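Here is the naming used below: chain letters follow the sequence lines, and residue numbers restart at 1 for every chain. As the structure is a computational prediction, the values presented were derived from the model and not from experiment.
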Amino acid sequence: MSKNLTKRNEDYSKWYNELVIKADLAENSGVRGCMVIKPYGFAIWEKIQAELDRMFKETGHQNAYFPLFIPKSYFSKEASHVDGFAKECAVVTHYRLKNDKDGKIIVDEDAKLEEELIVRPTSETIIWDTYRKWVQSYRDLPLLINQWANVVRWEMRTRLFLRTAEFLWQEGHTAHATEQEALIEAEKMQGVYADFAENFMAMPVIKGVKTESERFAGALETYAIEALMQDGKALQAGTSHFLGQNFAKAFDVKFTSKEGKQEYVWATSWGVSTRLMGALVMTHSDDKGLVLPPKLAPIQVVIVPIYKGEEQLNLISEKVQPIIDKLRAKGISVKFDNRDTHKPGWKFAEYELKGVPLRIAIGPRDIENDTVELARRDTLTKEIVQQEDLVSIIEKLLAEIQESLFTKALAYRDSHITEVANFDEFKEVLETKGGFILAYWDGTAETEEKIKELTKATIRCIPNDTKNESGSCVFSGKPASVKVLFAKAY
RNA sequence: CGGGGUGUGGCUUAGUCCGGUUAAAGCGCUGGUCUGGGGGACCAGAGAUCGGAGGUUCGAAUCCUCUCACCCCGACCA
């Protein structure tokens, strides 16, 4: 491992790429655009999954699993959906290989599929084709299903976690009897995502709705949570869609209402992906490596012994064991790194790189004084504490770190929402300061497109808490009734 | 998919323009000794058909042709 990470202010993008690899989160694979998620990275993802899964179930959802392959005919039933994904689909055309005359493995042209299969870029079509059979009466509704799966979107340019050709995610797909209920569901899940982002990832997000051009292919409304990264670029961290009756109509999913009438069901879908890993990295980490919020850190506390010779190590191990037991009893994950193959200094740097929130160092001096050295990853501060106070201090500190990461990220985010009144200011802020720009927008796709062309900034969302005010559009000067958030985005 | 670039031990690179001993260095790896409160030192080792195929030549990492892969910048996207 080379010693130094590129500094964030030198090259943020390079810093990110290096960090993901050096912190052992993921690496590129032999397959273009596809990553290998390494054990440490996957452990974080598992924590994200576990918590989200709990939240989904708490809000009444059940998990299920639908196929990886989608028949092309299903896919083409919803027109705008096809338009949105057609350009990035992997297609399975054959089902057999054979040896050619030189002994090379080739595709067997005789084994052509009657109907080609799309590798799912998302599962709306196959799920709605299934829901048709599941839904007959209003009594079968609502249908509240989630699946954890991988999906494939054939991206031209990929970056670990932020955009990969294959990624892991969850996709919720719900069916409701009324429009109102589906709308509430879509908004509810946006709230679940925001809650998760802020309380577990310690990442402040803005809840809002997407403009028509940024909307999911096939949705009537897309609710999103938008986060701000340290380099001033926005990142869409989760989306929840109100699909109206589009998929119900395309797949003929009807139910008999209480009144005995045949009606189409109302739909939502919502998802977050391994992209959250990228968001997590870019929200908190620093030039020394990852900084993980305690609630998602695979290792919350690491203990590094400092010793000379086996005898001292044994003595320290004895002292450490009750500490480990007490911490584990409190549900805190602890690693005692007693490897003799690495030096303390090396380990310190290693765990800083990996973002372990708290580090305990314990050596002969501490044994004498019944103390340990306790170091915080987020502030890089160290203090000497008495062993008897250790567990309660750690509990408090973990909570404090979680809180402080959020507060710090929030302060950064809030100081990077800049309201502008005209387009010169807009460009000025975008170039010099970055972040979100709050401005009046006339509501037209033309304006949105022009601004994107000229500045590369897009409308990230119309914030939920926006007030109905009137002003003039930052670009066109035409009357405008909403303020929206612009930013350059990942 | 358009423009640019790079492929040399596990990693990062030098050497390529201008062909000529046994392909070089740092990191990492293995063994050992000393060490141990912030990536420690020294000694001794292992490890490369120079991305692949073909060609030119007495001789190719170096020149030519083809091919593959990856990276960066654009268009597209969670």
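- To the nearest whole angstrom, the two C1' atoms, one in B/G3 and one in B/A46, are 44 Å apart.
- B/G9 and B/G74: their P atoms are spaced 30 Å apart (whole Å).
- With B/G74, B/G36, B/C76 as the choices, the nucleotide that has an atom nearest any side-chain atom of A/Arg157 turns out to be B/G74.
- Residues of residues 355-370 of chain A that place a heavy atom closer than 4.0 Å to RNA chain B, in numerical order, are A/Arg359, A/Ala361, A/Gly363, A/Pro364, A/Arg365, A/Asp366.
- Counting any heavy atom pair closer than 4.0 Å across all strands shown, A/Gly309 reaches a base atom.
- Note: NZ (A/Lys382) to C1' (B/G37) measures 8 Å, nearest angstrom.
- Checking A/Ala237 against A/Glu373, the closest nucleotide of RNA chain B that is more toward the 5' end is the one next to A/Glu373.
- When distances are taken from the side chain of A/Asp340 to each of B/G74, B/G36, B/G39, the shortest belongs to B/G36.
- You'll find that the side chain of A/Lys343 is closest to B/U35, out of B/C71, B/G36, B/U35.
- Between A/Glu166 and A/Asn17, it is A/Asn17 whose nearest contact on RNA chain B lies nearer the 5' terminus.
- No engagement by A/Leu235 is indicated, since no non-hydrogen atom pair under 4.0 Å with the nucleic acid exists.
- Comparing B/G38, B/G74, B/G36 against the side chain of A/Lys288 picks out B/G38 as the nearest.
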Which side-chain N or O atoms in residues 82-90 of chain A pair as donor and acceptor under 3.5 Å with protein atoms at least two apart or in another chain?
none

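- Checking B/G38, B/C71, B/G36 against every side-chain atom of A/Asn28, the shortest atom distance belongs to B/C71.
- As rounded to the nearest Å, B/G10 and B/A48 have P atoms that lie 7 Å from one another.
- Stem list for RNA chain B (at least 3 consecutive Watson-Crick or G-U pairs, distances under 3.5 Å): B:1-7 with B:68-74, B:10-13 with B:24-27, B:29-34 with B:40-45, B:51-55 with B:63-67.
- Within the nucleic acid shown, A/Glu155 comes within 4.0 Å of at least one base atom, counting heavy atoms only.
- A distance of 6.0 Å or more separates the ring centres of A/Phe196 and A/Tyr193.
- Geometric assessment of A/Arg377 against the ring of A/Tyr351 yields a negative cation-pi assignment under the 6.0 Å and 45° thresholds.
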